[in-house]
Asker: 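Okay, here's the structure, questions in a sec.
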Protein chains: 2
Amino acid sequence: MEENLTVKILLVDDHPLVLEGLKGLLMHENAIEIVATAYNGKQALEFIKAAHTPIDLVVSDIDMPEMNGIELCKELKKLNHPPQVLVLSVHTSSTMVKGAIAAEADGYMLKNASKEDIIYAIQRVANGSCFYSQEIIPIIYAQYQKEKKTDEQLATLTPREKEILSLIMKELTSNEIAEKLFISRKTVEVHRANLLEKTASKSTIGLVKYALKLGID
Amino acid sequence: MEENLTVKILLVDDHPLVLEGLKGLLMHENAIEIVATAYNGKQALEFIKAAHTPIDLVVSDIDMPEMNGIELCKELKKLNHPPQVLVLSVHTSSTMVKGAIAAEADGYMLKNASKEDIIYAIQRVANGSCFYSQEIIPIIYAQYQKEKKTDEQLATLTPREKEILSLIMKELTSNEIAEKLFISRKTVEVHRANLLEKTASKSTIGLVKYALKLGID
DNA sequence: AAATTAATAAGGGTATACCCTTAGATAATT
DNA sequence: AATTATCTAAGGGTATACCCTTATTAATTT
């Protein structure tokens, strides 16, 4: 992409079988050159740092001894010219997916994908795009569904309560809220008490947590 | 999928040209039958509710008069046997994408996609899977990158401060924290004051907002 | 050796939050 | 017509949070 047309790849997986499988898959792609393989993140990182030929793309497993794929990705992205990183994993758990995204991985591919999908993903990521298995989107999706449920709980708050809650969130005291709304401090306190009860909070802290879940900030 | 092999589709878009384009694209797919088209969400919803033939898949634009695609999706998913919904949009903004996900859309496809991708997406969603354009994942991705940045801010908190912050988040008072940690209430208050200063918070409310951003809850 | 940072503790003071109860006015609902 | 929900207000009381200052100890860093 930058100077040479062939994409230089480093494969990282602690299972020799998987490495062999990937090699077999990519062997016939003539725009792809597998420069090296590594058995864990540490080994991969050392190779990249010492390499005379720059690596364009790292395809890495997550579960590995010494240094896992997410840590590897984080370290790689700290480099001056970071390679693209495609994470290849069996995990569909949200923590893994989030971890990879937070580590700035350019792609997250599930290992049960078809040959075609894997080749497609590698080519996409190698070209500077990203690729995420469709299966992982419902995981992020689940996150938003939680919010949706609490959306209905918000409906149980009266308009005035919502108004006061949003002022509380702006770090206003009861006195300041009273002044702003031209009502008594005592009235504000009644609303606060009702808010605490409705949200089952022990203190304003719980209230703030509740409000943030609903996107009030 | 359920009783008939052909997927019954309703197309929704306020631009006749787009409807024509979609029809043209899907015309030659013999597993697909375009049952009807609508110019906005309201029209589509009315059609679905009145239809004798159940609709398997609704392919809808977002920007439309009367009722937009996200509202339509929300309403559709409230039905007893909700159809699959594929949102088709020009928007790459995170609010749109999040909105669609929250509305339980089964797919989000960008309008600049290729013919093949559109057909692939429709078939995937029609089969009960989901499909999201790869381009939208970095949008959700951006969410997690924000967290990463604040991650470094957390490092400025001392271990003790982090410990106390997490107890504050559990709605414990200074007294309760003092008892738990076998230290004086006054010491806890010093830590609180330092936390407020470090996080530039006016009160505990700001502290809670800060902590939640970092995933402490 | 000196300086900085972190954790600890304390006293005094004010404002705020939260608990309790009671109660009037309005509007919507049954 | 009667009930219910909402918003309003108030008094009294306690606990908590937050402000100010000062100070000792230990560990780390310069």
Side-chain angles (χ1 to χ4, degrees), chain A residues 78 149-217, chain B residues 78 149-217:
Chain A
K78 285 180 189 167
K149 280 175 193 166
T150 51
D151 214 52
E152 287 145 25
Q153 292 181 332
L154 184 68
T156 66
L157 300 185
T158 68
R160 197 58 157 178
E161 284 166 350
K162 286 181 205 170
E163 189 179 11
I164 284 168
L165 177 54
S166 90
L167 291 173
I168 291 173
M169 293 300 286
K170 282 175 187 156
E171 301 197 45
L172 298 190
T173 63
S174 294
N175 249 327
E176 291 166 336
I177 294 170
E179 280 172 27
K180 197 151 200 164
L181 300 181
F182 303 107
I183 55 176
S184 154
R185 183 180 64 91
K186 280 292 175 184
T187 304
V188 176
E189 287 184 354
V190 170
H191 286 302
R192 287 186 85 124
N194 292 337
L195 280 167
L196 288 182
E197 205 193 346
K198 283 190 180 178
T199 60
S201 306
K202 204 180 145 195
S203 70
T204 309
I205 296 165
L207 198 55
V208 174
K209 285 158 78 173
Y210 175 91
L212 276 183
K213 273 183 203 158
L214 302 176
I216 301 172
D217 54 353
Chain B
K78 285 180 188 168
K149 280 174 193 165
T150 51
D151 215 50
E152 287 144 25
Q153 292 180 332
L154 185 69
T156 66
L157 300 186
T158 68
R160 196 60 156 179
E161 283 166 350
K162 287 181 205 171
E163 189 178 12
I164 284 168
L165 178 53
S166 89
L167 292 173
I168 290 172
M169 293 301 286
K170 282 175 186 156
E171 302 198 41
L172 298 190
T173 64
S174 293
N175 249 328
E176 291 167 335
I177 295 170
E179 280 171 26
K180 196 151 201 164
L181 300 181
F182 304 107
I183 57 177
S184 153
R185 184 179 64 90
K186 281 293 176 185
T187 304
V188 177
E189 288 184 352
V190 170
H191 285 302
R192 288 185 85 122
N194 292 337
L195 280 167
L196 288 182
E197 205 192 347
K198 283 188 179 179
T199 60
S201 305
K202 204 180 147 195
S203 71
T204 309
I205 296 166
L207 198 56
V208 174
K209 285 158 78 173
Y210 175 91
L212 277 182
K213 275 185 203 157
L214 302 177
I216 301 172
D217 55 350

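This is a predicted model, so every value here is computed, not measured. Convention: sequence-line order gives letters A, B, ...; per-chain numbering from 1.
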Asker: D:dA17 P sits how many Å from B:Leu196 CG, rounded?
Answerer: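 Going from B:Leu196 (CG) to D:dA17 (P), I get 11 Å.
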
Asker: Base, sugar-phosphate or nothing for B:Asn175? Non-hydrogen atoms, less than 4.0 Å.
Answerer: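 It contacts sugar-phosphate atoms only.
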
Asker: Anything under 3.5 Å between a protein N or O and an N or O of nucleotides 3-7 of chain D, put it in a table, one pair a line.
Answerer:
from  : atom 1 : to       : atom 2 : distance (Å)
D:dC7 : OP1    : A:Thr158 : OG1    : 3.2
D:dC7 : OP1    : A:Arg160 : N      : 3.0
D:dC7 : OP2    : A:Thr158 : OG1    : 2.3

Asker: Return the value, rounded to whole Å, for the distance between atom CG of B:Leu172 and atom P of D:dA15.
Answerer: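 Atom CG in B:Leu172 sits about 18 Å away from atom P in D:dA15.
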
Asker: Verify the contact: side-chain N or O of A:Ser174 to OP1 or OP2 of C:dA17, cut-off strictly under 4.0 Å; return yes or no.
Answerer: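 Indeed, a polar side-chain atom of A:Ser174 lies that close.
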
Asker: How long is the line joining CD of B:Glu189 and P of D:dT22, in whole Å?
Answerer: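 In whole Å, D:dT22 P lies 18 Å from B:Glu189 CD.
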
Asker: If you check every side-chain atom of A:Lys186, which of D:dG12, D:dA17, C:dG13 has the closest atom?
Answerer: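 So the side chain of A:Lys186 is nearest to D:dG12.
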
Asker: Starting from P on D:dC19, measure out to CZ on B:Arg192 and report it in whole angstrom.
Answerer: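 From B:Arg192 CZ to D:dC19 P: 11 Å.
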
Asker: Below the 4.0 Å mark, does C:dT8 have OP1 or OP2 next to a side-chain nitrogen or oxygen of B:Ser184?
Answerer: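 For B:Ser184, the contact criterion (side-chain N or O under 4.0 Å from OP1 or OP2 of C:dT8) is not met.
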
Asker: Does A:Glu176 offer a backbone N or O that forms a donor-acceptor pair with the side chain of A:Thr173 under 3.5 Å?
Answerer: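 Pair found, side chain donor or acceptor close to backbone of A:Glu176.
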
Asker: Taking A:Leu195's backbone N and O only, do any of them form a donor-acceptor pair with A:Glu161's side chain (distance below 3.5 Å, no angle check)?
Answerer: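 A pair under 3.5 Å: no.
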
Asker: Figure out the CD1/P separation between A:Ile168 and D:dA17, and round it to whole Å.
Answerer: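 So the CD1-P distance, A:Ile168 to D:dA17, works out to 16 Å.
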
Asker: So, is A:Thr204 close to the C:dC18 phosphate, meaning a side-chain N or O under 4.0 Å from OP1 or OP2?
Answerer: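 For C:dC18, OP1/OP2 do have a side-chain N/O of A:Thr204 under 4.0 Å.
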
Asker: Could you check whether any side-chain heavy atom of B:Met169 comes within less than 4.5 Å of a side-chain heavy atom of B:Leu212, counting everything from C-beta outward?
Answerer: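 Yes, side chains in contact.
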
Asker: Taking for each residue the nucleotide of DNA chain C with the nearest heavy atom, is it B:Ile205 or B:Asn194 whose nucleotide lies nearer the 5' end?
Answerer: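 Closest to the 5' end, via its nearest nucleotide, is B:Asn194.
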
Asker: Counting neighbours of NZ on A:Lys202 that are heavy atoms of other residues, nucleotides or ligands and sit closer than 6.0 Å, is the number greater than 12?
Answerer: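 Yes - once you tally the heavy atoms of other residues, nucleotides and ligands closer than 6.0 Å, there are more than 12.
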
Asker: Which side-chain N or O atoms in residues 178-187 of chain B pair as donor and acceptor under 3.5 Å with protein atoms at least two apart or in another chain?
Answerer:
from     : atom 1 : to       : atom 2 : distance (Å)
B:Ser184 : OG     : B:Lys186 : N      : 2.9
B:Arg185 : NH1    : B:Glu189 : OE2    : 2.6

Asker: For the pair made of CZ in B:Arg185 and P in C:dG13, what is the distance, rounded to whole Å?
Answerer: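 Value for this atom pair: 15 Å.
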
Asker: Could you work out the separation of D:dT22 and C:dA7 based on their P atoms and round it to a whole Å?
Answerer: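 The same atom, P, in both gives a distance of 22 Å.
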
Asker: Expressed as a whole number of angstroms, how long is the span from B:Leu167:CG to D:dT16:P?
Answerer: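 From B:Leu167 CG to D:dT16 P: 15 Å.
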
Asker: Side-chain contact test, heavy atoms from C-beta onward, threshold under 4.5 Å: evaluate it for A:Thr204 versus A:Arg192 and give yes or no.
Answerer: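 A:Thr204 reaches A:Arg192 side chain to side chain.
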
Asker: Could you state the CD1-P distance from A:Ile177 to C:dT16, rounded to the nearest angstrom?
Answerer: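 A:Ile177 atom CD1 is separated from C:dT16 atom P by 11 Å.
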
Asker: Output the distance between atom CD1 (B:Ile177) and atom NE2 (B:His191), rounded to the nearest 0.5 Å.
Answerer: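 Rounded to the nearest 0.5 Å, the CD1-NE2 separation comes to 10.0 Å.
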
